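Working notes, beginning with the structure itself.
In this chain, numbering begins with 1 at the start of the sequence shown. These numbers come from a predicted model, not from an experiment. Just so you know, ligand 1 is whichever comes first in the structure, and atom 1 is the first atom listed for that ligand.
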Amino acid sequence: MQFRSGNELRESFLGFFEERGHRRFPSFSLVPEDPSIMFTIAGMVPFKPYFLGLKVPPVKRATTSQKCIRTNDIENVGRTARHHTFFEMLGNFSFGDYFKKEVIPWAWEFVTERVGLDPDRLTATIYRDDDEAFEIWHRVVGLPEDRIVRMGEEDNFWAVGPVGPCGPCSEIIYDQGPSFSCGKPDCKVGCSCDRYLEIWNLVFMQFNRDEAGNLVPLPKQNIDTGMGLERLASVVQGVRTDFDTDLFVPLIRQACAITGHTYGSNAKGDMAVRVISDHLRAISFMIADGILPSNEGRGYVLRRLLRRAVRWGRLLDIERPFLSSMLPTVIEVMGDHYREIPERQNAIRQVIDFEEAKFGKTLQQGTALIESELRRLADRGEKVLSGDVAFELYDTYGFPIELTEEICEDASFTLDRKGFELAMEDQRERARSSSKMTAASLSGNVYTELAKSIGQVAFVGYSETRSQSRVLAIIQNGDAVDELQAGDEAEAILDRTPFYAEKGGQVGDTGTLSSEIVKAKVLDTVSPVAELVVLRIRVEEGLLRKGDTVLAAVDEERRWDIRRHHTATHLLHEALIHVLGDHVRQAGSLVNPDALRFDFTHFSPVTREELARVEKIVNDQVLRNVPLETLETDLEKAKEMGAKALFSEKYGHRVRVVSVPGFSTELCGGTHCNSTGDIGLFRIVREEGIGSGLRRITAQAGRPAYLAQKADHEVVDRLKESLGIHETEHLPERVRSLLDELSAARREAADAKLGALLCRASDLAASARQVGNFSIVTGRFEGVGMDLLRQLADAVKNRLSGAVIVFASVEEGKVSLMAMGDETAVSNGFHAGRLIGSIAPLVGGSGGGRPNLAQAGGKLPQKAAEALDAVPNVVGKLFASRS
Ligand code: SER
């Protein structure tokens, strides 16, 4: 067989289906629009609405090489020949167009003629009672009967999930030969070893499985096929594993160079470089599609993969950050086809470096923690680290279990792996049940049903804020109803709506619905499925009936506030890039009438000076009063225009581009000002960190900005008034001089107090009582600080020999005690700390100190006198006998 590179195979597949009338789409994002799944796991995912008949496809035939992430078998990655977290799925799709009799012969032609696989090594599996597929394989393709194998539901019925489109399938199996066999006597087609390799899955998608498990026929018969590019390449290139194909070899080589491992010399090292290569591809593509490390959802998967890669590096003694140094190799292998990797390489590198450095620290913390736990066990004579502790290390400190295990082994401990697996399984169970819940609540609900009958609702709100509209449906407590009365809260769907539904960070519109017979408030607007705009309403007066025509009116002022904040968000985004650099990526935003919030990638706090520059750039654009331009186009054109796209934006569809000519161009579905001048005023309120490498700016535009500015001015005016100054610019200086005056006055007051206290020193010394060789002076004061007490005690001490001084100062709810002894007293055995230790309990406290000075605090000021009275006795008992 002729050698073909992975890139050639991908191109050859897409070209083959283009020749057969398919439109080639660029790969869709790894982040699916479908909220019920976390990642794009197959080529068909982006096309789901077309299969379900929810949307009309732009074409009937499509072909893609789709980026996919699957993480269900992560532990096997690197261990086996074929497991990956990231892979490319070649696919061709028919949306109600061709079916089995076209796709089977095409698939055969592609693998035998285009790719050149030996027909004698190929077998087809079919679903057990799919006689139609059997006939096509046998009669049209000419495959002998004994190489068409009927299999059960588990192998030959494909479904995207428990609910959703599905159908029987037929797989093409390639016999890699006896040297790949597991050697078991019953090793045959269907065996899970590497000999009989499934290379292509042809799904005859004709059902939708509903929540009750029923197979409901889809409106049309569809085709969805999927072939792993890495696997195809390994067969064509005649190598034993996917990691030996040209898609991986450069990465494996580089990982070996970095770690000093010789590939093939030992299993652990081989696994390490395979894990690193696999995970780095996944990490790079995930970040390019806008995913950032976090502690939940997709971000958590990204973090886990990155940490797993780092830890496998550590196992080969790589202590320094190394992952991003391999990024150029990912670009070299895949960058021509997936332009997002070279285009976003700066951001990818920064995220990787930041996260890797951060994990370097966690690794240290984790190591310290596990070592102290092992010491604790050793003290108790125990030898097993519990599964719960290992899980906590794994879960909280991101500490990989293999590393924990290894450290245990090095210290001659064992790890309760079973206990760990149990803790892990508990967590998986929790995750599973929560993802089931999302899937259940998101499919087959009332909106999906309505979307099928209503289709796409017209949104007219870009140009109108009032419209005569017909009420198409009313939903109350999850059921469609015909009528609402005054007081009812429910949801309504109009045929054409000026109300913007919450999306892309912009909040939903509010307003009113009215006619001669009804007055209703629109409290919010949402879009639970893409086709529908749903108004949350409360009927104030009269009756709202399905079928009636009403005047739908958006709250105009509020909408203007929202527009200003949305346009300001675009200006802010661009200004941040100007000031901070092009690694700045939007990570989230919120646009409401009161403020805007903009989250973005950046790796240090934004300085006050940078913020001032950003704010000025935005206000300069406001003053330019540039008219905004919006247009609808396709994604390719939008990209050519340099439009900033968010990862959640969908490829292959018409997109809306909003530009401030000469400054900013973004893909955006939101509502905007006519000209930048409409914004009026822009001010940054706050800048803060919200996660690793993520910053948040809160800002205001238009009316709220003006009101906040005005409130600030009022405060300034009041300050000026009370300080008796006229010029604002003199305010800081005046405040500073007042503060200086204040501290001088405080110092003076303290000195005066000390002076007054020191006057009492002679009287106090004269009041000394003799116990043995000690001259004991006690005193009770009100609200005098420790510092002053000590100075007073020093003054008393200097007037006596063998001085023992105990002072108490009382304040609301508390008492402070201080004891001091002079050199003679101490040499005669006095110890201030012990004295304080004995009397502090009398005031409900505790304390201690040195022989010459000690202090304590207590909660019972009313007992201060009693404690002081006890001093001579206590001194007599504790110290006098020795003097
Ligand atoms: N959706 C099927 C699969 O993932 C075929 O593309 O195997």
> Side chains of Asp242 and His84: donor-acceptor distance under 3.5 Å anywhere?
Replying inline: yes
>> If the threshold is 4.0 Å, N to carboxylate O, is there a salt bridge linking Arg139 and Glu135?
In response: yes
> Which pair of non-hydrogen atoms, one from Leu292 and one from Leu302, has the smallest distance, and what is that distance?
Replying inline: C-CD2, 3.7 Å
> Which atom names give the shortest non-hydrogen contact between Val189 and Tyr196, and what distance separates them?
Replying inline: N-CD1, 3.7 Å
Ligand 1 N/O to protein N/O, distances under 3.5 Å:
unit_1   : atom_1 : unit_2 : atom_2 : d
ligand 1 : 1 (N)  : Asp224 : OD2    : 2.7
ligand 1 : 4 (O)  : Arg70  : NH2    : 3.4
ligand 1 : 6 (O)  : Asp224 : OD1    : 2.8
ligand 1 : 6 (O)  : Thr225 : O      : 3.1
ligand 1 : 6 (O)  : Gly226 : N      : 3.0
ligand 1 : 7 (O)  : Trp158 : NE1    : 3.4
ligand 1 : 7 (O)  : Asn201 : ND2    : 3.0

>> Side chains of Thr85 and Asp278: any donor to acceptor distance under 3.5 Å?
In response: yes
> Parallel, tilted or perpendicular for Phe95 and Phe47, by the 30°/60° rule?
Replying inline: tilted
